[in-house]
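Keep in mind the model is a prediction, meaning the values are calculated, not measured.
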Amino acid sequence: MDRDTAVAGGGNTGTRRYARLPRPDLTFTDEVREATAPVYEKVKHLIPEIEWPLLAPVIHAINTLKVERNAVILAHNYMTPEIFHGVSDIVGDSLALAKEAAKSEADVIIQCGVHFMAETAKILNPEKTVLIPDMNAGCSLAESITAADVRGLREKHPGVPIVTYVNTSADVKAECDICCTSANAVQVVESLNAPRVLLIPDQFLAANVARQTDVEILTWAGACEVHERFTADELREYRDIVPGVKIVAHPECPPEVVDEADFTGSTTGMIDWVKEHRPEKVMLVTECSMADNIASATPGVDYVRPCNLCPHMKRITLTKILDSLLEMKDEVTVDPAVAARARTSVERMINLKS
């Protein structure tokens, strides 16, 4: 391969070749300042002015290169503010990103999130090139279960339908009947019209769903390393320290944490609740960057920040996004046979009527 040519796969269409582009000048010019001013207005309460001359040229370069590559950037709600506000085209939780990935007309999809999200984008867009800025951006929950584990569950529970959380690998999705997210898990479970359902792999999501349905829920002992660390005692202490604070929790938290919350929902649901209710003080019981990313859209709301970082999400940086666009790396591929079966599980979820 010519050293100035980057190679990326194109699903079933064979290998596509992209020119490896030269690294742009990352000087903080007046042009860059003007082009990125609207972004800085959104993040100035989070990013010191002294740091902006370092970030702005990278943001400007990424946004310029996106056009040249015909690329779209999908960013999960847990991305850092300079990514979330600065370079993303589509933001949201895993359900929103899964849907928008299927609608994308771009040639290249850059997934700013974790590996299973990039796999889902590839499953729904087999003809497109899907890149993730860091191939090591994994997920403790996704890594808690394998396809072989799912086959074992089918042998142990014959005839019981299996719902998998989207926070799983393509191999696992391919072995299951339908996917769900934290936003639609109850709806998905009840859509199967079965007395017993396996809901894997998040034990806490399953426990919280079980309290909202008459369906018997069987699960797997997986958990998110961010959400499982929150405790009910911790939340009660915050209420004592910050009188009047409203607590909004993610359903990947243990049930006793959910019991202490004023509202529980997916990341999008949490955002919508804060925007609608505009509490004076609120604590989002989830990954750190959530509060940072919605603060600019909810002026007057004081965010109490209990901070559990996702180390995998934080592997994605502006510099790595820039490198992805320049060198067309790192490409995420899924075996076509696995992808076809996994796509059925994802599309069954997406096509459920509200």
Side-chain angles (χ1 to χ4, degrees), residues 74 76-77 90 92-104 109 111 113-126 130 138-151 153-154 157 160-194 196-206 208-210 212-213 215 217-220 222-224 250-252 265-269 332 334-354:
L74 310 182
H76 190 268
N77 289 324
I90 301 166
D93 60 18
S94 50
L95 175 59
L97 295 181
K99 287 182 175 180
E100 293 303 322
K103 298 176 186 176
S104 173
I109 295 172
Q111 177 65 68
V114 292
H115 192 268
F116 76 79
M117 296 178 185
E119 280 192 330
T120 303
K122 183 63 177 180
I123 288 166
L124 294 173
N125 297 270
V130 176
C139 171
S140 60
L141 183 56
E143 292 164 6
S144 73
I145 193 166
T146 66
D149 293 327
V150 180
R151 290 191 290 269
L153 289 172
R154 284 212 186 273
H157 303 284
V160 177
I162 301 180
V163 178
T164 182
Y165 197 21
V166 292
N167 300 36
T168 48
S169 68
D171 288 339
V172 168
K173 290 180 175 72
E175 296 292 337
C176 296
D177 298 296
I178 189 171
C179 290
C180 77
T181 70
S182 57
N184 65 13
V186 174
Q187 178 192 9
V188 169
V189 164
E190 294 185 340
S191 75
L192 298 171
N193 297 315
R196 304 174 78 202
V197 169
L198 275 154
L199 176 54
I200 60 173
D202 192 307
Q203 60 184 309
F204 297 130
L205 175 65
N208 288 317
V209 168
Q212 302 174 64
T213 180
V215 178
I217 304 294
L218 308 177
T219 191
W220 183 259
C224 165
H250 194 280
E252 289 177 18
S266 68
T267 54
T268 295
V332 175
V334 180
D335 178 88
V338 171
R341 294 165 59 209
R343 188 178 307 116
T344 298
S345 295
V346 176
E347 288 180 343
R348 282 175 178 162
M349 170 188 73
I350 291 174
N351 293 331
L352 276 181
K353 293 182 178 179
S354 299

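- Residues satisfying the side-chain contact (heavy atoms from CB on, under 4.5 Å) criterion with Ala96, sequence neighbours excluded, are Asp93.
- When atom types are taken as modelled, the side chain of Ser182 and the backbone of Pro251 share no donor-acceptor pair closer than 3.5 angstrom.
- With sequence neighbours excluded, the residues satisfying side-chain contact (heavy atoms from CB on, under 4.5 Å) with Thr146 are Ala148, Asp149.
- Pairs engaging residues 176-188 under the salt bridge (charged side-chain N to carboxylate O under 4.0 Å, His left out) rule: Arg154-Asp177 [sequence neighbours left out].
- At a threshold of 4.5 Å between non-hydrogen side-chain atoms, the residues Tyr165 and Cys180 count as touching.
- Taking 4.5 Å as the limit, every side-chain heavy atom of Cys176 sits out of range of all side-chain heavy atoms of Thr168.
- At least one donor-acceptor pair under 3.5 Å links the side chain of Thr344 to the backbone N or O of Ala340.
- For Glu119, there are no salt bridge (charged side-chain N to carboxylate O under 4.0 Å, His left out) partners two or more places apart in sequence or in a different chain.
- In this structure, the side chains of Pro126 and Arg343 come closer than 4.5 Å at one or more pairs of heavy atoms.
- By the side-chain contact (heavy atoms from CB on, under 4.5 Å) test, Gln212 pairs with Val186, sequence neighbours left out.
- Contact annotation: the side chain of Asp202 never approaches that of Asn167 to less than 4.5 Å [non-hydrogen atoms, C-beta and beyond].
- Looking only at distances, no side-chain donor or acceptor of Trp220 sits under 3.5 Å from a matching main-chain atom of Val150.
- Scanning for side-chain contact (heavy atoms from CB on, under 4.5 Å) contacts around Val338 gives Ala170, Asp171, Ala174, Val334, Asp335, with sequence neighbours left out.
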